[in-house]
Every structure is written in C-alpha cells, then in structure tokens.
Amino acid sequence: MATALIILAAGMGTRMNSDLPKVLHQIAGAPMLIHAMKSGASLEPERTVIVAGHGAEAVGKAGQGWDDRAEVVLQAEQLGTGHGVAQAQSALADFNGDAIVLYGDTPFIRPETLTAMAAARQFHDVVVLGFQAADPGRYGRLVTAGEALEKIVEYKDATDKERTITLCNSGVIAADAATLFDLVAAVKNDNAAGEYYLTDIVEIARARGLSATVVRCEEAETMGINSRAELAVAEGAFQAARRAEVLADGVTLQAPDTVYFAHDTVVGRDAVIEPNVVFGPHVTIESGATIRAFSHLEGCHVSRGAVVGPYARLRPGAELAENVRIGNFVEVKNAQIAEGAKVNHLSYIGDATVGAATNIGAGTITCNYDGVFKHRTVIGERVFVGSNTMLVAPVSLGDDSMTASGSVITRDVPAAALALSRAPQEVKPGLAKRMFEKLKSKRAKSAKGA
Ligand code: UD1
Ligand code: CA
C-alpha cells in the first residue's frame, strides 16, 4: 500500500518565545520536524507533504534539506488541524493510497507504532493513535466502545464525564487519502475553539458507516513540544534512550549521563566513550575506537583502533584512519589522517592530508586561510613535523621529510629533505646576568623615589 505523510507544521509555537518556527528547534542536533519525518520514513512513503505556515520558507527548506522529494504547502492562517490537513489535498490530488497525519512537534513516534497503525488499516477505515495518559490534561479524549472508536472529543468541548477518560489522542491519524480529504471537507468549526478539528473526522466517519479504531502506544512516544522546558525534557528523553541503545550495542560508556549523542551518531561495538564527550551531527565511530574525555566531534569518521582526546575537537570532514592518535587540544577539520599517524598535542590541522605513520609535533598549525581563500596542506608518509611548525598552505611535505621545530614552511619540501626556516640563534655570553642587575637596580631606584 502506497503511503503519503502529511506533516502538520504550521503552528507558531508561541510558548517557545522564539523567532525560530517551533518545529525547527533542535533535539539531538536535528530540527524536531526531521525527527517526525524520520519516524514517518519507516513507512517508506511515496509522498511527503509538509503543511507550513509560520516561517514556512525556513520550515520547507529544512524539510527538503532532509528529503528533497518532500513537498511543502502553505497554510497561511492556522484555522485548526482539520484545515491544516485540507491544505495537502491539492498536492495529493493524484495520489492513491493511505495518508498518515503526523505533527511536526511530536518527534518520538516509533517506526513500530506506525507499522502497527498501517496493519490496523487493513481492518478499519480510520486508525487513530492513542495512549493512556498519566495526566490527561487538555488532550483530546478517545470515546470507545470495545475495539471501536466512536469519536474524539476535545478537552474544551468535553463533558465532565468525558474528561474522566484517560485514553487520549496523540494526533496521529491514518486513513485512505481520498477518504481523509472527504471527511476533512465535512468538518465544521462550531466548537469551543472555533477551529476546524481534524479529530471530528472520526464521528463523521462513523455516521457514514465507516469504521474507526485505536492503536495504542506508550505515552513517551507522543510527547509534544510546546515550550523550551518541554524541549529540554525531550532532549533528555532522547539522550536517555540513545545511551541505553548504545550500551546495548556493546559500547562502553563510563559515565553515560555525560555523553551527548546526535540523532544520527553511529558507534561500533567495543568502542569506548569516556565521560563528557559531545557528538554533533554526522559522526561515525568504528569498532574499538576510543574517544577520551571532554572531546567534541561533528561531521567526522573515526576508524578502528584510533584514539581521540582527551580534549580533542574533530570538525566536519575529519577522517581518521585506523590507529590514528589525536591528542589533547588538537583541532582537525576537513582533513584525512592516514593509518597510524599521530597529532598528539596542541595543533590545528585543517584542509590537509596527512600520510600514514607521520608524526606531527606539538603546536603545529596548518595556516590554511589567507583571509579570503582556503588552501590545502599535503603531508606525505613517515614525515616528522617538528614542534611549532607553521605550514603556510598551499604547501606539501614529501614522504620521509622532516621540518625543524619552529619553522615557518612556505615552500614545498621534497621527499626525504629537511626543511629549516627560523632565525639563526645568537648567544651573548654573560648578557643575561648584566641585564638582570641593570633591571634590579632600576627597580630599587624607583622604589626609593616613590
Ligand atoms: C491536538 C488534538 C488533540 C490531541 C493533541 C495531541 C485536534 C483538534 N486536537 O490538540 O486531540 O490530544 O493534539 O498533542 O487536532 N497545526 C497546524 N495548523 C493548524 C493547527 C495546528 O499545522 O491550523 C499543527 C501545530 O503546529 C501542531 C499540530 O498541528 O504541530 C497540533 O496542533 P495543536 O494546536 O498543538 O493541537 P492541540 O490543541 O494540542
Ligand atoms: Ca499541541
């Protein structure tokens, strides 16, 4: 069965108190919209329609950045969830199959839950995702009779008796797309909020002789985000779940609560992650690598047996081959470091390639930026770069070459050559002693004068 996702993401999110549209606030380094799209992606949707309103351009850009096939429709005025879904109708006019409505601010629906809903659709015309709420608060209430769902009643419109129901509406609804749009077209706004409620389609469907049912999920999955406080709770929930998964996958986390993963971090079995490590987006760590304490990694790849940190920073495009060592206070950006190479202390390696078994001395800097352009540094195999070498790119060091400590290297160094470029040292016998005496007597005189 072909599936279309309709993602409601038009709301302003007033309570976020932000210039950024609510669905673009991030959890684990990705906008919550993308989390919703990722859950939906498990159904391998043929079509994805994002209903955008506030900040529509930015919302559309983010959605299409993740899935360039996603379509964006505008809901200029937010007249209710039913009205939101109706905006997707023309985009899906040529679509035959099931539609499933997700909210852009509800990031934790599990793929298994959506699969269960798709399965329930074989037997029912409308399938609603519900949950037992610990505190039902202002959620819509699901009025059921056995397996059948009779209607959804919004809190504002509910009777006292209906408000005692604890089975609540998550917002996720599945139906045949054409049926869904038919039902939504019949929704009116004569209710307490004066909105077109998507939830009204259940009662309308039942009145037309169609069937409706509830698929249940854990309350945690349906967590919606309306405020910064809820965003922080959602981040915590994501991290807790991800840490547990990573541990189960055979990764050592010495202090799991201090390690922060991105939505897409991949860590291989038998890797060791020490305390206080932060992963930004797009990081892969192979089996048996070690990330030592207080390191920050994003957009990088760390191969088997490599050791990173403590206090290392790997930025986008850092690719470490097997058994590479990146030590304390080293920053690596857009650089390929070949097998067994070492950059152990206080260095910046950017826009560079470093050959196998090369050793980069403490304080080495690739001077990659001239203020306008970026330039590459190419370092061969088994090179010894002396401490505090400035490599003024574009520049290359041949295999088995060497630079003297403190050198400023501006020209290419051939294989096996030694490059030395620093001011010759002068030694003045006894001068230090005479200087100190002179300075001390000056101090004594000025103290007397004061
Ligand atoms: C909705 C449900 C409620 C359910 C709750 C779960 C309705 C009428 N009510 O209530 O039964 O328990 O979600 O969280 O559906 N949106 C649009 N366009 C609009 C209105 C909303 O895109 O015109 C988007 C919002 O940005 C948000 C989502 O739809 O992402 C839900 O809207 P919201 O107003 O938060 O619905 P609730 O009142 O929470
Ligand atoms: Ca809401």
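Because the structure is a prediction, the values reported are computed rather than measured. When a ligand or atom number is given, it counts from 1 through the structure's own listing order.
Under 4.0 angstrom from ligand 1, there are no non-hydrogen atoms of K22. Residue L79 touches ligand 1 through its backbone alone, judged by heavy-atom distances below 4.0 Å.
For Q75, a nitrogen or oxygen atom sits less than 3.5 Å from a nitrogen or oxygen atom of ligand 1, counting backbone and side chain alike. For N169, a nitrogen or oxygen atom sits less than 3.5 Å from a nitrogen or oxygen atom of ligand 1, counting backbone and side chain alike. Residue T81 has at least one N or O atom closer than 3.5 Å to an N or O atom of ligand 1. Considering backbone and side-chain N/O atoms, G140 comes within less than 3.5 Å of an N/O atom of ligand 1. Between N226 and ligand 1, a contact under 3.5 Å exists for no N or O pair. For a threshold of 3.5 Å applied to N or O pairs, the pair formed by A10 and ligand 1 contains at least one separation below that value. Note: an N/O pair closer than 3.5 Å links D105 and ligand 1 by distance alone. Residue G11 places at least one N or O, backbone or side chain, under 3.5 Å from an N or O of ligand 1.
Residue contact check: A9 has heavy atoms under 4.0 Å from atoms 22 (O) of ligand 1. Which parts of ligand 1 touch Y197 is read off a 4.0 Å heavy-atom cut-off, strictly below it: atoms 8 (C).
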Stepwise, does the side-chain hydrogen bond (donor to acceptor under 3.5 Å, both in side chains) test hold for T3 with E44? CA-CA 7 Å; T3 304; E44 298 181 2; over 6 Å; no
Salt bridge (Lys or Arg N to Asp or Glu O under 4.0 Å) assessment of E203 paired with R206: CA-CA 5 Å; E203 203 176 358; R206 294 303 308 269; over 6 Å; no
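At least one heavy atom of G80 lies less than 4.0 angstrom from ligand 1. Distances shorter than 4.0 angstrom do not occur between any heavy atom of C168 and any atom of ligand 1. Ligand 1 lies out of reach of H83, whose nearest heavy atom is not under 4.0 Å from it.
Every pair passing ring-ring contact (aromatic ring centres under 6.0 Å, His included) that includes a residue from residues 222-251 is listed here, sequence neighbours excluded: H35-F238. Within the structure, ring-ring contact (aromatic ring centres under 6.0 Å, His included) pairs that include any residue of residues 194-225 do not occur (at least two apart or interchain).
Of the residues listed (I337, I291, I326, V330), the one engaging L314 in a side chain to side chain contact (heavy atoms under 4.5 Å, CB included) is I326, and it is the only one.
Side-chain atoms of N191 come within 3.5 Å of backbone N or O of E195 as a donor-acceptor pair.
Of all the listed residues (Y196, Y155, Y103), Y103 holds the heavy atom that lies closest to atom 1 (C) of ligand 1.
Atom CD in E218 sits 11.5 Å away from atom CD1 in I109 (nearest 0.5 Å). How far CD1 of I34 is from CG of D67: 8.5 Å, rounded to the nearest 0.5 Å. For the atom pair S303 OG and E339 CD, the distance stands at 9.0 Å (nearest 0.5 Å).
R243 forms a cation-pi arrangement with Y260, by the criterion of a distance under 6.0 Å to the ring centre and an angle within 45° of the ring axis.
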